[in-house]
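In listed order, ligands and their atoms are each counted from 1.
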Amino acid sequence: MASTNHKRPRTLHSFFSPPSTKKAKVAADDQTDQTCASGDNLPQTAASNHATYPFRVPHLPQELQEILYFSPEAEGRTINDQPDLDLVYYEPYVPKSCERKLFEFLRHELFFYRVSYNIKRGPVETVINTPRFTTVFGVDETSRFTSEGDLVDAVSGKPVPNNMYRCRPRPIPQCLGSLKHLAENATGCEWNFVLVNYYASGNDSITYHSDDEKFLGVDPAIASFSLGAKRDFLMKHKPTPDAHPSETKPMKLPLASGDMILMRGRTQSKWLHSIPKRKGGEADRGRINITLRRAMVKGGTDNYYNYNVGSGGAYKWDEGRREMMPWTDR
Ligand SMILES: O=C(O)CCC(=O)C(=O)O
Ligand SMILES: [Fe+2]
């Protein structure tokens, strides 16, 4: 396995100043409701809020923010010893001293969806129930959010028509925006979407697929974070024509809490990946996966909200029951 270092040198300046190179972008991601006092004068923690959110999402606790600033904890290891494969594997990316707290925080504070949709093959229509919880934030390159949370054209700055997107895009909350910002600084990539999966048990999964939709452009770089239960990440090369039998072998990466894999180059166009179902083991403790992606055109935004938010109600983690429960505004 070839190995290269993927850790940017941290200068004295960067150490003492907060990450600032993309400040304007982060501010636009953060439609923050900074009100710090509730009606009964109890202080409230700062949170991100937006008309599209079912409830506000607290900012990352300061303690987590400070530890995360030292990520990646390990140098990235390049895995490119098979045809068309180009991965950088950080084992881990999120420092061990905060990976559990970050998992618990996100599971507790984000809203999720259990999406179902119809597919039509010929005359037969089938309902697909996505076997995991999902949520998504962001908008494609053609639009951006103002600091007030309004969606405007990326070039003209003019408000985009209300019906331009099938589902109204949601700004990235500060807690996920800050992880994205750190990963952008560490990898040199830029992303405009954060997709989150929650695998509640070993029965939740994602089947073999590739993230190579046209709206991501050619050879997209996608960062994928794991938090919580360890789950196997399987990879196999896409079928090759019979005349050219593939010389590749399938891979299994046992992704642990805090790990990150950066998939790039031809990885999406030529390989498939999956998280198969698991019986027993630690899978039932729950796992969060966060992917960072960059959609170039409107179709990407429509696709991501359709498959990761859908049209059903939101779920929120119930600490007492220790499971996701339908969220009601009471
Ligand atoms: O959960 C994972 O590690 C993979 C998720 C994934 O492949 C996806 O959301 O496209
Ligand atoms: Fe994927």
Heavy-atom pairs closer than 4.0 Å: do any link ligand 1 to the side chain of [X], the backbone, both, or neither?
X: L195; result: neither
X: R293; result: side chain
X: H273; result: side chain

* Structure fact -> Listed as residue and atom, the protein N/O/S atoms under 2.8 Å from the Fe ion (ligand 2) are H209 NE2, D211 OD2, H273 NE2
* Which residues satisfy the salt bridge (Lys or Arg N to Asp or Glu O under 4.0 Å) test with E104, sequence neighbours excluded? ->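 Residues passing salt bridge (Lys or Arg N to Asp or Glu O under 4.0 Å) with E104: R100.
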* **Pairing residues for V297 by the side chain to side chain contact (heavy atoms under 4.5 Å, CB included) criterion, not counting sequence neighbours** =>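 Once residues adjacent in sequence are excluded, the partners of V297 under the side chain to side chain contact (heavy atoms under 4.5 Å, CB included) criterion are F215.
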* Listed partners of P61 passing side chain to side chain contact (heavy atoms under 4.5 Å, CB included), at least two apart -> L64, F105
* Structure fact -> atom 9 (O) of ligand 1: closest protein heavy atom, distance to 0.1 Å, is N197 ND2, 3.0 Å
* Does an N or O anywhere in T291 fall below 3.5 Å from an N or O of ligand 1? -> no
* Asked: Any N or O on D211 sitting closer than 3.5 Å to an N or O of ligand 1?
  -> yes
* Do K238 and D212 meet the salt-bridge criterion of a basic N to acidic O distance under 4.0 Å? -> yes
* Are D318 and R322 close enough for a salt bridge, meaning some N to O gap below 4.0 Å? ->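 Not counted as a salt bridge, because no side-chain N and carboxylate O are separated by less than 4.0 Å.
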* **Those atoms of ligand 1 less than 4.0 Å from some heavy atom in Y199** =>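 Close to Y199: 1 (O), 2 (C), 4 (C), 5 (C).
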* ligand 1 atoms in contact with I206 (distance to a heavy atom under 4.0 Å) ->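 Once the distances to I206 are compared, the set is 6 (C), 8 (C), 9 (O), 10 (O).
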Quick one: pull up [atom1] in [X] and [atom2] in [Y] and give me the separation to the nearest 0.5 Å.
X: R293; Y: I222; atom1: CZ; atom2: CD1; answer: 5.0 Å
X: H273; Y: K236; atom1: NE2; atom2: NZ; answer: 12.5 Å
X: L292; Y: L179; atom1: CG; atom2: CG; answer: 6.5 Å
X: R278; Y: N203; atom1: CZ; atom2: CG; answer: 12.5 Å

* **Sole residue of Y199, Y113, Y315 in ring pair (Phe, Tyr, Trp, His ring centres under 6.0 Å) with F133** => Y315
* **Proximity flag R132 to ligand 1, non-hydrogen atoms under 4.0 Å** => no
* Of all the heavy atoms in R287, does at least one lie under 4.0 Å from an atom in ligand 1? ->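 Yes; R287 lies near enough to ligand 1 that a heavy-atom distance drops under 4.0 Å.
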* Passes ring pair (Phe, Tyr, Trp, His ring centres under 6.0 Å), F111 versus W327? Steps please. -> CA-CA 8 Å; F111 32 86; W327 184 77; 8.5 Å; no
